[in-house]
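Inspection log for the structure reproduced underneath, given as structure tokens.
Order of the sequence lines sets the chain letters (A, B, ...), proteins ahead of strands, with each chain counted from 1.
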There are 2 protein chains.
Amino acid sequence: MPYDPSAFPPFAVTVDLVVLTVRKDALYALVVRRGEPPYQGRWALPGGFVRGDEGLEAAAARELTEETGLRSQALEDQDAGAHLEQLATYGAPQRDPRMRVVSVAYLVLAPDLPSPIAGGDARSARWAPTDTLLGAGDGGGWEAEQQVPLAFDHDEILRDGVERARSKIEYSSLATAFCPPEFTVGELRRVYEAVWGVALDPRNFHRKVTGTPGFLVPTGGTTTRQGGRPAQLFRAGGATLLNPPMLRPEV
Amino acid sequence: MPYDPSAFPPFAVTVDLVVLTVRKDALYALVVRRGEPPYQGRWALPGGFVRGDEGLEAAAARELTEETGLRSQALEDQDAGAHLEQLATYGAPQRDPRMRVVSVAYLVLAPDLPSPIAGGDARSARWAPTDTLLGAGDGGGWEAEQQVPLAFDHDEILRDGVERARSKIEYSSLATAFCPPEFTVGELRRVYEAVWGVALDPRNFHRKVTGTPGFLVPTGGTTTRQGGRPAQLFRAGGATLLNPPMLRPEV
DNA sequence: AAAATAGTGTCTTTGAGACAGTATACT
DNA sequence: AGTATACTGTCTCAAAGACACTATTTT
């Protein structure tokens, strides 16, 4: 089979973003309302075309900034900015009725933002609980939620993104990407509880997370923003892989 | 930013395959020799264009069959056929000097084949140790191996594929994909040792692997193909996720 | 007999999970 | 005082790793 560069079918390539955050003890995803057909009026994941001279991750970072005002952090860069990683690529022949589109999905983990969506059109973008978006409220049906599935195959993409986030916080320190730069052990625990949808023992969690080398670095400060006894403040340590890992209960 | 389907830059979309197998206690990858420029004469990962009416995984399975004669197993299907899963997508603007190409890489785990490459051109395809291909023989340099890097960004893709295989056999039963339909505990252990590049205690490995529910099912037969006391034969059990996982030493 | 591989048993250490109990804030 | 959150200590159980020992084959 010779490699014939002149005889290839043309594709459109897009990036779609699964932007997750934790608020009100639940996992939320960013969705935008579609203004044109197909799926006009339906909610969809933010995304757009990759430009002709632009890398895939650059396109994802650009869309992220355009839609949320968030800056993604380079993989090396610590602090400041959301975590961005490639999720998977979706290219079923009929996933877009107009033409052949291959979409490279990216996963973004961001701290809860004071201003919900900066830079975007507030009427056409919102944070929605992933449980609601995926129709898990009740038997898995959409009807009970009076909610309609996301456009295109975005339900599948979102489901894959949520599952990736759930498993990655087990063996990496990525849960800190959902937290502000300084956070308490209790706040980190609520991130795990929201993402996994389980309750964790606060005492064992505290002992485990502070005992894992490189995970947390105390900043010296304390806070009482949760009420109760003042809690020590931490920032993310240098470790990216956790050893031992955080184990998800009930497996 | 309106969604304008008429104004998208055209891309070529290809699939590239990281086909891994274990032979002679080492991890091998399938590479093909390029017949035309660019990178003429260099080794590359097998792959090709996605057709206009073809899904991505279908394209990967088709290329796999064309290059190796292997059939991939559907995700549901057990037995027979190699494991195939999406790895990642590579789309740097200049990764192909001729045009803009986005390549969706797939990872294939296959048992060692009696006939190295069935169906392909034997002179232009071969199995090569991943260590050699990645220049890990010696300080990471290519010179010592008298070997040249793979074409395009295929070194990066291969490295990602090997790393994915290494981590997936930890918490899934995928190591059995490297084994024939019936295999012994010792053969399975040699797979782990080859993929991870470490030595494992045969006794603890045996106790652990036979004690993990759903991992192995005894077939009743025995074999002495390894010499020594006859070993029980097993086939892969239904479990895909291992609990507890196999832990990679020295982490 | 010697060597090789298969398989079992036993001990020690580590870590997960349950949970008692103490510390320090707010109401 | 009562309650909420933070943190420490202790116990038990499960599993990992080290390794002695037995079993059954080939050379």
Side-chain angles (χ1 to χ4, degrees), chain A residues 24-25 169-171 179 182-194 196 198-235 239 241-251, chain B residues 24-25 169-171 179 182-194 196 198-235 239 241-251:
Chain A
K24 290 183 283 185
D25 292 338
I169 65 173
E170 276 194 88
Y171 54 89
C179 296
E182 297 201 348
F183 53 88
T184 69
V185 171
E187 288 164 351
L188 183 62
R189 176 171 49 80
R190 275 179 280 277
V191 165
Y192 275 93
E193 292 177 330
W196 284 345
V198 299
L200 300 174
D201 185 297
R203 300 157 298 186
N204 291 333
F205 183 88
H206 188 283
R207 182 162 36 81
K208 173 150 198 179
V209 87
T210 55
T212 299
F215 196 2
L216 299 184
V217 176
T219 66
T222 61
T223 182
T224 58
R225 59 184 171 226
Q226 298 293 338
R229 170 175 164 181
Q232 234 184 317
L233 283 169
F234 296 87
R235 55 181 178 78
L241 257 53
L242 299 183
N243 188 14
M246 305 293 298
L247 290 182
R248 179 156 39 158
E250 164 59 355
V251 183
Chain B
K24 290 183 282 185
D25 291 338
I169 65 173
E170 275 194 89
Y171 53 88
C179 296
E182 296 200 349
F183 53 89
T184 69
V185 171
E187 289 164 348
L188 183 63
R189 176 171 48 81
R190 275 179 281 276
V191 164
Y192 275 94
E193 292 177 329
W196 285 344
V198 299
L200 301 174
D201 185 296
R203 301 158 296 185
N204 291 334
F205 183 88
H206 188 283
R207 181 162 37 80
K208 174 149 197 179
V209 86
T210 54
T212 299
F215 195 3
L216 299 183
V217 177
T219 66
T222 61
T223 183
T224 60
R225 60 187 171 223
Q226 299 292 339
R229 170 175 165 180
Q232 237 185 314
L233 284 169
F234 295 86
R235 55 180 177 77
L241 258 51
L242 300 183
N243 188 13
M246 305 294 298
L247 289 183
R248 180 157 36 160
E250 163 58 354
V251 182

All N/O contacts under 3.5 Å from nucleotides 24-27 of chain C to the protein, with atom names and distances to one decimal?
| from | atom 1 | to | atom 2 | distance (Å) |
| --- | --- | --- | --- | --- |
| C:dT24 | O2 | A:Arg229 | N | 3.3 |

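Smallest separation of non-hydrogen atoms from B:Pro213 and B:Ala239: O-CB, 3.9 Å. The shortest non-hydrogen separation linking B:Phe234 to B:Thr219 is C-CG2, 3.8 Å. In this structure, A:Tyr192 and A:Ile169 approach most closely via the heavy-atom pair OH-O, 2.9 Å. In this structure, A:Thr184 and A:Arg225 approach most closely via the heavy-atom pair N-NH2, 4.4 Å. Looking at every heavy atom in both residues, B:Cys179 comes nearest to B:Val191 through SG-CG2, 3.9 Å. Taking all atoms of both residues into account, the shortest heavy-atom contact from B:Glu187 to B:Glu182 is OE1-O, 4.4 Å.
Inter-residue side-chain proximity for A:Glu170 and B:Tyr171 is flagged as unmet; no heavy-atom pair is nearer than 4.5 Å.
Residues of residues 183-194 of chain B that place a heavy atom closer than 4.0 Å to DNA chain D do not occur. A heavy atom lying under 4.0 Å from DNA chain C marks the following residues of residues 202-211 of chain A, by number: A:Arg203, A:Asn204, A:Arg207, A:Lys208.
With rounding to whole Å, A:Asn243 atom CG is found 14 Å from C:dT14 atom P. Regarding B:Leu242, its CG atom lies at a distance of 11 Å from the P atom of D:dA16, rounded to whole Å. Distance, B:Leu247 CG to D:dA15 P: 12 Å, rounded to whole Å. When rounded to the nearest whole Å, the span between CG of A:Asp201 and C1' of D:dG9 equals 13 Å. Atom-to-atom, CZ of A:Phe234 to P of D:dC7 comes out at 6 Å; the value is rounded to the nearest Å. Regarding A:Met246, its CE atom lies at a distance of 14 Å from the P atom of C:dG15, rounded to whole Å. Atom C1' of nucleotide C:dT8 and atom CD of B:Gln232 are separated by 13 Å, given to the nearest angstrom. The separation between A:Leu216 atom CG and D:dC7 atom P is 11 Å, rounded to whole Å.
Between the side chain of A:Glu193 and the backbone N or O of A:Leu200, at least one donor-acceptor pair lies under 3.5 Å.
To the nearest 0.5 Å, atoms CG (B:Asp201) and NZ (B:Lys208) are separated by 12.5 Å. Going from atom OG1 of A:Thr210 over to atom CZ of A:Phe205 covers 9.5 Å, rounded to the nearest 0.5 Å.
Of the options A:Asn204, A:Leu242, A:Leu188, a side-chain contact (heavy atoms from CB on, under 4.5 Å) to A:Val209 is made by A:Leu188 and by none of the others.
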